[in-house]
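What follows is one structure encoded as structure tokens, with my remarks underneath.
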Amino acid sequence: MLTQLVISNLRNITELKFTPYSGINLIIGDNGSGKTTLLEAIHLLALGRSFRTRSLKNIVQFSQQRSLILAKLPNDIPIGIEYSLSSGLKIRLNSAPVTKLSELVAHLPLQFIPANCHQIFEQGPRYRRQLLDWGVFHVEQQFNYHWQSYKKIIQQRNSALRQRKNNDEITLWDQQCVLHGETITNYRINYLERLLEEFINVFTSLCPELKGSEFIIKYKNGWVKGSSLQQALLDSLERDKQLLYTKSGSHAADWIIKINDGDPAEILSRGQQKLYFIALSLAQTNIANKANGSKKSGSLLIIDDLSSELDIDHQLLVLQALSRTPAQCFITTTDYSLSERLKDIDHRMFHVKHGRLV
Ligand SMILES: Nc1ncnc2c1ncn2[C@@H]1O[C@H](COP(=O)(O)OP(=O)(O)OP(=O)(O)O)[C@@H](O)[C@H]1O
Ligand SMILES: [Mg+2]
């Protein structure tokens, strides 16, 4: 949870001081007023990167040299991120420099729901894997160790493949790869079982018209069905030598929750697809919070442009579900009419105009 936020020289925001509410913060403003930039600031704080640009030089206000975002977590713990055109990115948490991004991520669990989140189905498996691993990361303390170790081993194996080393030098990595890969798979499968249960609850509350449907998880572990990872690596050795990289393994996993045995992309309307993604994020936040209790500073949920793809009744269902979710939420919209419909929902409203709160 953020108790205070100060943004300087970030895109069109020259200086903005914000005392957020612990529950739902609804940010309303016209196109180009700075709403998404405010969410971008929170994303930068929690993850050390932007959701809009790979190159952080784009975030610095034109003709300025650096952007600065400062915030306070509960118990007055300061967190700050500075990006300067000359010296790059610096992050400080509780007055000490942060060198590992996983440290930051563990401290401030954040789920970002982009305006076009219904595109989850059009994206490649990497996107869905990242979503899944976010969830596993926040409930299984050992997951990050296994995942980082696994990635290093696959890099070494790929490097041996690229250098066209002999079979022994390639398969040298397989035993460690199997050890971490199978642990990762077990974590993911256990997590997905929990996720399914939470997801059904949240999704059917957002989409009452789909109550009574059958929901099942489909998880592909990343290698041939029915085979062990060890066997799959051996069986695909000749193929990997041609490709010059390791094709099968936990890095190739994918998953989806099917509805009435169908692919959501082929069944759901666009609005329902967006609700599906929102339900996944809320379900993940619920699980992370149950697992961590008061150990962390509380989850953040940021939703850019709630009104896109959703009619007013479904937007209200989302806001009601959010008010039941133990997370601090930042939601942007251009729809001023929403404010008149929120009487029963605990929230605070903020107006943004030309990069300022008014
Ligand atoms: N580096 C920069 N320096 C100054 N202004 C910038 C920079 N990058 C982007 N902008 C401007 O910042 C403004 C804020 O954009 P932002 O995306 O936050 O608006 P928004 O309120 O989310 O609008 P919309 O409703 O259209 O999504 C835009 O007018 C954009 O042109
Ligand atoms: Mg925007």
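Counting begins at 1 with the first residue of the sequence. Predicted, not measured: the structure shown is a model, and the values here were computed from it. Start at 1 and go down the list; that is how both ligands and their atoms are numbered.
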Of all pairs that satisfy salt bridge (Lys or Arg N to Asp or Glu O under 4.0 Å), the ones with a partner from residues 193-203, not counting sequence neighbours: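 Counting only pairs at least two positions apart or across chains, the salt bridge (Lys or Arg N to Asp or Glu O under 4.0 Å) contacts touching residues 193-203 are E198-K290.
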To the nearest 0.1 Å, how far is [atom] from its closest protein heavy atom, and which atom is that?
atom	value
atom 26 (O) of ligand 1	N31 ND2, 3.1 Å
atom 3 (N) of ligand 1	F62 N, 3.0 Å
atom 10 (N) of ligand 1	R11 CB, 4.0 Å
atom 22 (O) of ligand 1	T36 OG1, 2.7 Å
atom 28 (C) of ligand 1	G32 O, 3.8 Å
atom 17 (O) of ligand 1	R52 NH1, 2.7 Å
atom 25 (O) of ligand 1	K35 NZ, 2.7 Å

Do the two ring centres, one from [X] and one from [Y], sit under 6.0 Å apart?
X	Y	value
H180	Y145	yes
F137	F143	no
Y150	W147	yes

I want to verify a count. Protein N, O or S atoms less than 2.8 Å away from the Mg ion (ligand 2), how many are there?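 With waters ignored, the protein N/O/S count below 2.8 Å is 1.
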Would you check if there is a donor-acceptor pair between the side chains of T36 and D304 at a distance under 3.5 Å?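 The answer is yes; a qualifying pair exists.
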Taking a cutoff of less than 4.0 Å between a non-hydrogen atom of the residue and any ligand atom, is G29 in contact with ligand 1?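 G29: no contact with ligand 1 (<4.0 Å).
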Using a 4.0 Å cutoff against the non-hydrogen atoms of N12, which atoms of ligand 1 qualify?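 Answer for ligand 1: 4 (C), 5 (N), 6 (C), 12 (O), 13 (C), 14 (C).
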Just jot down the ligand 1 atoms closer than 4.0 angstrom to any heavy atom of N58, in number order.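 So the answer, numbered in order with elements, is 1 (N).
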Other residues, nucleotides, ligands: >12 heavy atoms within 6.0 Å of R128 CZ: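 Count over threshold, so yes.
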Check whether more than 12 heavy atoms from other residues, nucleotides or ligands sit under 6.0 Å from atom CD of Q242, and answer yes or no.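 Count not over threshold, so no.
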Should T334 be counted as touching ligand 1, given the test is an N or O pair under 3.5 Å?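 No, T334 has no N/O under 3.5 Å of an N/O on ligand 1.
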Backbone or side chain, does any N or O of I59 fall under 3.5 Å from an N or O of ligand 1?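 No, since none of the N or O atoms of I59 sits under 3.5 Å from an N or O of ligand 1.
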Within the side chain of [X], is there an N or O that forms a donor-acceptor pair under 3.5 Å with the backbone of [Y]?
X	Y	answer
H347	I345	yes
H251	T246	yes
Q272	S269	yes

Which is closest to atom 18 (O) of ligand 1 by heavy-atom distance: V60, T37, D30?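 It is T37 whose heavy atom sits nearest to atom 18 (O) of ligand 1.
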Between E103 and K100, is there a salt bridge with N-O shorter than 4.0 Å?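 No salt bridge links K100 with E103.
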Taking 4.0 angstrom as the limit, do D240 and R157 come out as a salt bridge?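 Yes, this pair counts.
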Protein heavy atoms near atom 8 (N) of ligand 1, is at least one of them under 4.0 angstrom away?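 Under 4.0 Å from atom 8 (N) of ligand 1, at least one protein heavy atom found.
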Check the angle between the aromatic planes of H138 and W134 and answer parallel, tilted or perpendicular using the 30° and 60° thresholds.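 The arrangement is tilted - the two ring planes meet at 30° to 60°.
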Given that the side chain starts at C-beta and the backbone is N, CA, C, O, which of these parts of K353 lies under 4.0 Å from ligand 1, counting heavy atoms, or is it both or neither?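 Neither; no heavy atom under 4.0 Å.
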